[in-house]
Amino acid sequence: MEGVENELVRQRLEKQARIEAIDGVRYPNDFRMSGFVADAIAAAGDKDGPALEAEPIEVALAGRVMAINSFGKAAFVRVRDQSGTLQAYVKKDAVDEPTFERLKLTDIGDIVGVRGVLFRTRTGELTVQAREYRVLTKAQHPLPEKWHGLKDMEQRHRMRYVDLIVNEESREVFRTRTKVIQYIRKFLDDRGYMEVETPMMHSVLGGANARPFCTHHNALDMDLYLRIAPELYLKRLVVGGFDRVYEINRNFRNEGLSNRHNPEFTMIEFYQAYATYLDLMDLTEELFRGMAMSVRGTTTCQFRGQAIDLGPTFRRLSICDALREYCGYEEADFHDPGKSFARVLACGVAKAEAEHVWQKLGEVTPRDAALALGMLAFEHTVEPHLVQPTFVTDFPAVISPLSRRKDSDPTLVDRFELYIGTNEFGNAFSELNDPQDQEARFQGQMSAKAAGDAEAMEYDEDYVRALTFGLPPTAGEGLGVDRVVMLLTGCDNIRDVILFPLLRPEQ
RNA sequence: GGGCCCAUAGCUCAGCCGGUAGAGCAGCGGCCUUUUAAGCCGUUGGUCGCGAGUUCGAAUCUCGCUGGGCUCACCA
């Protein structure tokens, strides 16, 4: 940063040296806290001043100085730890000379240790009457201003540690993030799911349609991908007899950044044998409702300027019905790529984009092409309508290479995506467990790859082999955890819910 | 990657119709032993993101670069 030449830093280094001269130690680590601030507050309960005087409670607290109100011969020092904030009162005639000197050398931002008994000020505020007061760690760099905090988004992301110190809203977002993950974990644990860990370095690309990050293992002289999804490994585990598994997984996709996309992001992916995508819809509603109630105490939330209610039963809308309702599709349009193409253009999709999508499909039937093109119209025209939670169901098989075909129509699959606030939150389907069909689907992906689809999956021979040993009828789902946190915290930018989002290097 | 916008003191911002910088907070000095955005008096602090150009003169106008925000595209 601006370096030690800065005047403010120079002053603080000077104070640090003077404290060291008093204490004989520059970074002491022998202060022992009696507990957190919250414990001290709990110990005092609602006892009034006289009660605290009658039965003194001694505490030793440590934390960061957030404010100092000084009177020259006494001062209030507001100390914050992980659990909360409590002020200490240090007065000259209640402490020895070196202690009062330490107080005078304290800056906002310093880490201090305070020992003393609890009392109440004339306004009734619980306060530690300091007997011992020490500076444990000098903050050599000043903190941002106390009531505007740190506003600059770039600074907040680059120096998250400072953001967390000064912005309570930011601390709250990440506490909520932790609660969300704890809730999901407990929710699945309670239902007999087993948490597992699968490889993040893959030699075969699969489980999603996305461009990967590449890396290299030196000793094996082997190129590897950072995983884009754990799906194929999790289903291998179901083959292995772990009927219900889940992984809270970090995935890596080599795509553009946006306020909804970070190259590494967190998903919760879970699989349940002897279930279908219909079962997962019920489970998903239950999860979202319980999570919202647990984390926020209500099923309503604000997301990207929209009022969302997770309380009512989620709407269920098939792709084809959506296209009929919002894009004017008629029966013939679902079978004739030319007609579907015309509908797509009528929806306002750029011709070049539609042609590109058509072209990179590779060798497909007219029905498949018509449906795949329809997805463009869906994304362009239907998505903006999906504000309240909606399960979009029955996707085209041609774009769903791992999903089970519908018994009633093999060109469609038993799949849903969950939309909330016009954004996709999750993706689930009954798993394709027919190894011969899976082979054919991988062939289709290879065909698409050959036709120029950079995001197509690779042919995973071992996965097909696993299927030949028998994958029970299974349903699986993935949810974007970062987006769930955005929804429940009202953050519009994914970077606000990721502690250290990817940024370009400084300078 | 495309479009629009932003970058001034440690932090939050003003100045932008060109005349080489201002406030609040923080800091420093003084007064103040129950404050809580404490108060009162005084005061330090800036290669105005970087680099060119126009001009007698640029924080201000122009171009380029860097970083960021919003938005579009792909995904979750």
Shortest side-chain distance from [X], nucleotide among [options]:
| X | options | result |
| --- | --- | --- |
| A/T121 | B/C11, B/U34, B/A76 | B/U34 |
| A/K73 | B/G67, B/U36, B/U33 | B/U33 |
| A/E353 | B/G24, B/U34, B/A73 | B/A73 |
| A/M153 | B/U33, B/G10, B/G69 | B/G69 |

Determine if A/F425 stacks with B/A76; use a centre-to-centre distance below 5.5 Å and an interplanar angle below 30° as the criteria.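 The base of B/A76 is not stacked with A/F425 (the test needs centres under 5.5 Å and planes under 30°).
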
Is the base of B/C32 stacked against the aromatic ring of A/F71, taking ring centres under 5.5 Å apart and planes under 30° as the test?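 Taking the rule of under 5.5 Å and under 30°, the ring of A/F71 does not stack on B/C32.
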
From A/R156 atom CZ to A/K151 atom NZ, the distance as rounded to the nearest 0.5 Å: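 The CZ atom of A/R156 sits 9.5 Å away from the NZ atom of A/K151.
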
If I take atom CG from residue A/L150 and atom CZ from residue A/R158, how far apart are they, to the nearest 0.5 angstrom?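 The distance works out to 12.5 Å.
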
For [N], take OP1 and OP2 only and decide whether either is under 4.0 Å from a side-chain N or O of [X].
| X | N | result |
| --- | --- | --- |
| A/R495 | B/G69 | yes |
| A/K146 | B/A26 | yes |
| A/N69 | B/U35 | no |
| A/Q87 | B/U35 | no |
| A/R504 | B/G68 | yes |
| A/N493 | B/C70 | yes |
| A/R120 | B/U34 | no |
| A/R260 | B/C72 | yes |
| A/K15 | B/C28 | yes |

Tell me what [X] touches on the nucleic acid: a base, only sugar-phosphate, or nothing, going by heavy atoms under 4.0 Å.
| X | result |
| --- | --- |
| A/E154 | sugar-phosphate |
| A/S258 | base |
| A/K91 | base |
| A/F119 | base |
| A/G478 | nothing |
| A/R211 | nothing |
| A/N249 | nothing |
| A/D93 | base |
| A/E379 | sugar-phosphate |

Whole angstrom is fine here: how far is it from [atom1] in [X] over to [atom2] in [N]?
| X | N | atom1 | atom2 | result |
| --- | --- | --- | --- | --- |
| A/N259 | B/C72 | CG | P | 8 Å |
| A/K151 | B/G24 | NZ | C1' | 13 Å |
| A/R78 | B/U35 | CZ | P | 12 Å |
| A/D152 | B/C13 | CG | P | 8 Å |
| A/R304 | B/C70 | CZ | P | 8 Å |
| A/K104 | B/G29 | NZ | P | 10 Å |
| A/H148 | B/G24 | NE2 | P | 13 Å |
| A/R12 | B/C28 | CZ | P | 8 Å |

Rounded to whole angstrom, note down the C1' distance from B/G49 over to B/G57.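 Approximately 23 Å lies between the C1' atom of B/G49 and that of B/G57.
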
On the 0 to 90° scale, with breaks at 30° and 60°, tag the A/F252-A/F213 ring pair as parallel, tilted or perpendicular.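 A/F252 and A/F213: perpendicular rings.
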
Please determine if A/R289 and A/E285 form a salt bridge, counting it only when a charged side-chain N lies under 4.0 Å from a carboxylate O.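 Result for this pair is yes, salt bridge flagged.
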
Are A/D107 and A/K138 close enough for a salt bridge, meaning some N to O gap below 4.0 Å?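 So A/D107 pairs with A/K138 through a salt bridge.
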
Side-chain donor/acceptor of A/E125 to base of B/U36, under 3.5 Å: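 Such a pair is found, so the answer is yes.
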
Whom does B/C61 pair with, Watson-Crick or G-U wobble, provided both distances fall under 3.5 Å?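 Looking at the geometry, B/C61 pairs with B/G53.
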
Looking at B/C4, which nucleotide sits across from it as a Watson-Crick or G-U wobble partner, both distances under 3.5 angstrom, or is there none?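 In the structure as shown, B/C4 has B/G69 as its Watson-Crick or wobble partner.
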
For the residue pair A/D163 and A/H157, confirm or rule out a side-chain donor-acceptor distance under 3.5 Å.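 No.
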
Looking only at heavy atoms, what is the nearest atom pair of A/Y326 and A/T381, with distance?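 Where A/Y326 meets A/T381 most closely, the heavy atoms are O-CG2, 3.6 Å.
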
